[in-house]
Amino acid sequence: MNDCIFCKIISQEIPSEIVYEDENTLAFLDINPINLGHTLVIPKQHHENIFDVPEEILNNTMKVLQKVARSVDEISDGINVGQNNRPAAGQIVNHIHFHVIPRFEKDGLRSWPGKKYGEAEIKETLGKIRKNLE
Ligand code: AMP
Ligand code: ZN
């Protein structure tokens, strides 16, 4: 946790461009924006990902996420909210964070590719996920 780059941003050991801050949550500009205004929203308490963050902390973060999303939406045509978990999903910083990405008509970014389910796959996949929710 000590060498967590986002914890260092929270403690101001590392500079950032702060968009919004309250007791529990920080929002700051992503240093490598997908589009200008790309903002990260993070809880001040260190948790790695969506799996380990306590519900109350997540709820606080969601409130700020919605505020920031509305604000960024004012300067764009739409927004994506993104959140990566584990390296396979593109998570690089192991402090849970939500990306608020401004989008513009014809900004050239591609949306996600869509696969098709094979015959048995839809029921099989549904069964596996539902079982884990029991
Ligand atoms: P992820 O791939 O979801 O872990 O995203 C990590 C994000 O953190 C990337 O979009 C980086 O550009 C961003 N990032 C890394 N270091 C900094 C920093 N010092 N200040 C602002 N954003 C950062
Ligand atoms: Zn951290």
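Any value given below was found using the heavy atoms of this structure, including those in side chains, with hydrogens, waters and symmetry copies removed. Whatever order the structure lists ligands and atoms in, that order sets their numbers, starting from 1. For reference, positions follow the sequence shown, starting with 1. Quick caveat: nothing in here was measured; it's all calculated off a predicted structure.
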Next on the checklist: Taking N, O or S atoms only and a limit of 2.8 Å, check whether H47 reaches the Zn ion (ligand 2).
Outcome noted: no

Checklist entry - ligand 1 versus F98, non-hydrogen atoms closer than 4.0 Å: side chain, backbone, both, neither? => result neither

Checklist entry - At the Zn ion (ligand 2), what's the angle from C7 SG to H46 ND1, rounded to 10 degrees? => result 110°

Checklist entry - Is H38 close to ligand 1, meaning an N/O of one under 3.5 Å from an N/O of the other? => result no

Checklist entry - Looking at ligand 1, does any of its N/O atoms fall within less than 3.5 Å of an N/O of I14? => result no

Can you list the ligand 1 atoms lying under 4.0 Å from a non-hydrogen atom of [X]?
| X | answer |
| --- | --- |
| L40 | 8 (O), 13 (C), 22 (N) |
| N32 | 12 (O) |
| F6 | 8 (O) |
| I92 | 1 (P), 2 (O), 4 (O) |

Checklist entry - More than 12 non-hydrogen atoms from neighbouring residues, nucleotides or ligands closer than 6.0 Å to NZ on K67, yes or no? => result no

Item to check | Other residues, nucleotides, ligands: >12 heavy atoms within 6.0 Å of E56 CD | outcome: no

Checklist entry - What N/O/S atom of H95 is the closest to the Zn ion (ligand 2)? => result ND1

Item to check | Top protein contact for atom 11 (C) of ligand 1, by heavy-atom distance | outcome: D30 OD1, 3.4 Å

Next on the checklist: Among all the protein's non-hydrogen atoms, which is closest to atom 5 (O) of ligand 1, and how far away is it?
Outcome noted: H97 NE2, 3.1 Å

Item to check | Proximity of H97 and H95 rings by center, below 6.0 Å | outcome: no

Does [Y] offer a backbone N or O that forms a donor-acceptor pair with the side chain of [X] under 3.5 Å?
| X | Y | answer |
| --- | --- | --- |
| N35 | P102 | yes |
| R103 | L109 | yes |
| Q91 | V93 | yes |

Checklist entry - Can K128 and E124 be counted as an ion pair, charged N to O under 4.0 angstrom? => result yes

Judged by non-hydrogen atoms, does [X] sit under 4.0 Å from ligand 1?
| X | result |
| --- | --- |
| H99 | yes |
| L29 | yes |
| E17 | no |
| G90 | yes |

Next on the checklist: Please determine whether residues V100 and I34 belong to a single hydrophobic cluster, defined as Ile, Leu, Val, Met, Phe, Trp and Tyr linked transitively by side-chain heavy-atom distances below 4.5 Å.
Outcome noted: no

Checklist entry - Is there a side-chain contact between I57 and N24 (heavy atoms, below 4.5 Å)? => result no

Item to check | Minimum side-chain heavy-atom gap I129-T125 below 4.5 Å | outcome: yes

Checklist entry - F28 vs F6 aromatic rings, parallel, tilted or perpendicular, using cut-offs 30° and 60°? => result perpendicular

Checklist outcome for this item: Closest to atom 14 (N) of ligand 1 by heavy-atom distance, out of I5, N84, I9, I31, is I31

